[in-house]
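Read the structure below first, then the notes.
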Amino acid sequence: MIARPWVLLGSAIVAGTLLAGDAVAQTPATRDAISSLRFDAIEFEPPTPDRYELEGVQILLLEDRSLPLVSMYARFNGGYGLFDRSWYAVAFGLPTLLRYGGTESMTPDSVDAALDYWAIQTSFGTGGGSISSTVNTLTEHLGTTMELWTDLLTRPRFDTAQIELWRLRELEGARRRLDDPGSLAFAEFNRLMYGDHPVGWEMEPADLTPERLTAERFREAHRRVLCRENLILGVTGDVSWAESRPLFERFIASVPPCAEPLPEDPEPDIRREPGVFVIERDLEQTVIVMAHPTSLNLADDPSYFAATIGNSILGGGGFSSRLLARVRTEEGFAYSASSLWTTPRRHDGLVGALTSTSPENAVPAVQLILTTMEELRDTAPSRAELRTAVDRVVNGFVFNFQTPGQIVSRLMLYLAEEMPEDWLERYVAGIQRVEPEHVRRVFAEHLRPGAMTILLVGDPARMGRSALESLGPVSVLDADRPRP
């Protein structure tokens, strides 16, 4: 059965299925009628949250009366990336213990029962540089929900039994990480590139000793991060500012002022020497990760927009990208292959690629990826190729605004990162101004295929040791070694 396109029959547009041998056909008049259809351009203007301030805390409100629901968002700048390694496990586990460790007045089981009884949905998380929490409730339960959420965030118990349960789960996860080739590859590659920096850290048994995970240490991390100057709040749903202001006033009053400012985000010392590294595993698929540092940052700058489109053309654009066309479609080396180009706000990122393939095809796949990269340094993409990449980005723009929560949480991020509030609008405009020569120029300036650090997880005997050495001097990593 073949999908039938939309066809014009008389004065109606119909769709259906076309069976093999079906006699229905488009006449010249039908084709002319279809080609003459014209539609007005769609003007998309996303709603803008209202902004307020209480006691120095920024609050974003986007009212939405479509359902009797309210969602609230809290973001505290500060996370495990701003602590030294001895605090890594505590800072990483802090959001989980805020949710499951109880409050000063309620045991963990009592908190769970209250959340279930009032049908409250909540989440806690960390991104390394911040700790965030959301809560969703029926409008009629908003007062009760706010009281419970306030207790969870500002008066945590840090129940010792829950701390131990979390510690044991993390220990098991640290042990199992070596069993997953993909997780192992990414963890070891980050360690190779970033060394003793939060981006390069992975949870190790040495981080999870009981003396590092006491309730007192959790309270100290909580005091340093969950304080007023670090806080941004948001609210969406069936509530007005007049209704929510008293609730936020009580919430903010419960959040103490910060006793000390947050430390600066540590500058990573990223590996800059090329090299080939192998982690020996008896696998039918070799995992390949390769990259080198790049100084391009997230900014309202033509080079950033050109790099975004360039990355889409190279390997970030799915089936329309060059890497997938070469590695999968033309050579059949792998099911997928993609590029990466990270652009942190304040320090260097990485540009590179990743794939997985049979051990025998590992070195040819790497060589093909490097050749494809070199081509983009030398020759600008075609205008058709550029237009496909631009359209993919622009057509996906609307999905940044599917829910009021997306809009508010995104703007909270921009406030925390000191980015322009109209960043998404600037982003789309910048993307649409990219020309083919801009892409070639940014690749020529920032992409250096010969400077790649290449990591392969697999069987070096099947990859061919002489073939591996054609990529450069090879070092074997012992992923099972004890960590300091």
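We number each residue from 1, following the sequence as shown.
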Nearest-0.5 Å distance, CD of residue Glu229 to CD of residue Glu55: 10.5 Å
Step-by-step salt bridge (Lys or Arg N to Asp or Glu O under 4.0 Å) determination, Glu437 to Arg440: CA-CA 5 Å; Glu437 179 58 22; Arg440 188 206 64 78; 2.7 Å; yes
Spacing of CG belonging to Leu247 relative to CD belonging to Glu147, to within rounding of 0.5 Å: 9.0 Å
Any side-chain heavy-atom pair of Met72 and Phe251 under 4.5 Å: no
Neighbour count above 12 (heavy atom, 6.0 Å) for Arg176 CZ: no
Test: Glu264 and Arg346 ion pair at under 4.0 Å: no
Between Asp348 and Ser295: side-chain donor-acceptor atoms closer than 3.5 Å: no
Selection residues 54-78 - residue pairs positive for ring pair (Phe, Tyr, Trp, His ring centres under 6.0 Å), sequence neighbours left out: none
Minimal non-hydrogen separation, Tyr304 against Thr343, with atom names: CE1-OG1, 3.4 Å
Side-chain donor or acceptor of Arg228 paired with backbone N/O of Gly56 under 3.5 Å: no
Atom CD of Gln121 with >12 non-hydrogen neighbours under 6.0 angstrom: no
Closest non-hydrogen atom pair between Leu231 and Ala74, with its separation: CD1-CB, 4.1 Å
Residues in ring pair (Phe, Tyr, Trp, His ring centres under 6.0 Å) contact with Tyr335, at least two apart in sequence or another chain: none
Rounded distance (nearest 0.5 Å) linking atom NE2 of His446 with atom OG of Ser303: 5.5 Å
Audit row: Ile369, Met373, side chain to side chain contact (heavy atoms under 4.5 Å, CB included) steps and yes/no: CA-CA 6 Å; Ile369 290 170; Met373 290 177 170; 3.8 Å; yes
Residues which pass ring pair (Phe, Tyr, Trp, His ring centres under 6.0 Å) with Phe333, listed by chain and number, not counting sequence neighbours: none
Between Thr372 and Arg322: side-chain donor-acceptor atoms closer than 3.5 Å: no
Where Ala306 and Val434 come nearest, the two heavy atoms and their spacing: N-CG2, 3.9 Å
Neighbour count above 12 (heavy atom, 6.0 Å) for Gln432 CD: yes
Short side-chain to backbone donor-acceptor contact, Arg75 and Ser130, under 3.5 Å: no
Geometric class of the Trp241/Phe248 ring pair [parallel <30°, tilted 30-60°, perpendicular >60°]: parallel
Glu63 side chain near Asp50 side chain, heavy-atom distance below 4.5 Å: no
Side chain to side chain, Arg426 and Pro420, heavy atoms closer than 4.5 Å: yes
Test item: Ile120 and His141 side chains (from C-beta on) under 4.5 Å apart, heavy atoms: no
Spacing of Phe158 atom CZ and Arg217 atom CZ [to the nearest 0.5 Å]: 13.0 Å
Side chains of Arg250 and Met146 in contact at under 4.5 Å (non-hydrogen atoms): no
Test item: His292 side-chain N/O and Arg448 main-chain N/O as donor-acceptor pair under 3.5 Å: yes
N/O donor-acceptor pair under 3.5 Å between Glu202 side chain and Ala187 backbone: no
Donor-acceptor side-chain pairing of Asp238 and Thr139 below 3.5 angstrom: yes
All ring pair (Phe, Tyr, Trp, His ring centres under 6.0 Å) counterparts of Trp166, not counting sequence neighbours: none
Closest non-hydrogen atom pair between Trp149 and Ser133, with its separation: NE1-OG, 3.0 Å
Side-chain (Arg177) to main-chain (Met203) donor-acceptor, under 3.5 angstrom: yes
Short side-chain to backbone donor-acceptor contact, Asn297 and Ala299, under 3.5 Å: no
Leu424 CG to Leu411 CG distance, which is reported to the nearest 0.5 Å: 9.5 Å
Sequence neighbours excluded, every pair satisfying side chain to side chain donor-acceptor pair (under 3.5 Å) that has a member inside residues 306-319: Asn311-Ser339, Ser312-Arg392
N/O donor-acceptor pair under 3.5 Å between Ser321 side chain and Gly318 backbone: yes
Trace of the side chain to side chain contact (heavy atoms under 4.5 Å, CB included) decision for Phe124 with Ile131: CA-CA 7 Å; Phe124 292 77; Ile131 287 176; 5.8 Å; no
Derivation and outcome, ring pair (Phe, Tyr, Trp, His ring centres under 6.0 Å), residues Phe83 and Trp201: CA-CA 12 Å; Phe83 288 80; Trp201 293 348; 9.8 Å; no
For Ser409 against Gly405, the heavy-atom pair lying closest together: OG-O, 2.7 Å
CD/Glu273: more than 12 non-hydrogen atoms of other groups inside 6.0 Å: yes
Presence of salt bridge, Arg377 and Glu374, under 4.0 angstrom: yes
Residue pair Pro47 / Pro404, side-chain heavy-atom distance below 4.5 Å: no
Residue pair Val393 / Tyr427, side-chain heavy-atom distance below 4.5 Å: yes
Gap between atom OG1 of Thr48 and atom CG of Asp422 - 0.5 Å precision: 10.0 Å
Audit row: His347, Asp265, side chain to side chain contact (heavy atoms under 4.5 Å, CB included) steps and yes/no: CA-CA 9 Å; His347 58 73; Asp265 188 7; 4.2 Å; yes
Side chains of Leu298 and Met419 in contact at under 4.5 Å (non-hydrogen atoms): yes
Check ion pair Glu249-Arg245 (N to O, under 4.0 angstrom): yes
Shortest non-hydrogen separation from Ile270 to Leu350 and the atoms involved: CG2-CD2, 4.1 Å
Evaluation steps, side chain to side chain contact (heavy atoms under 4.5 Å, CB included), between Leu226 and Thr154: CA-CA 7 Å; Leu226 277 78; Thr154 66; over 6 Å; no
Exercise: do Thr137 and Trp118 side chains pair donor with acceptor under 3.5 Å: no
Over 12 foreign heavy atoms within 6.0 Å of CD, Glu267: yes
Thr355 side chain vs Ser336 backbone, donor-acceptor pair below 3.5 Å: yes
Distance-only criterion, 3.5 Å: show the donor-acceptor pairs between side-chain atoms of residues 90-100 and protein atoms not counting sequence neighbours.
unit_1 : atom_1 : unit_2 : atom_2 : d
Arg99  : NH1    : Asp112 : OD1    : 2.9
Arg99  : NH2    : Asp112 : OD1    : 3.1

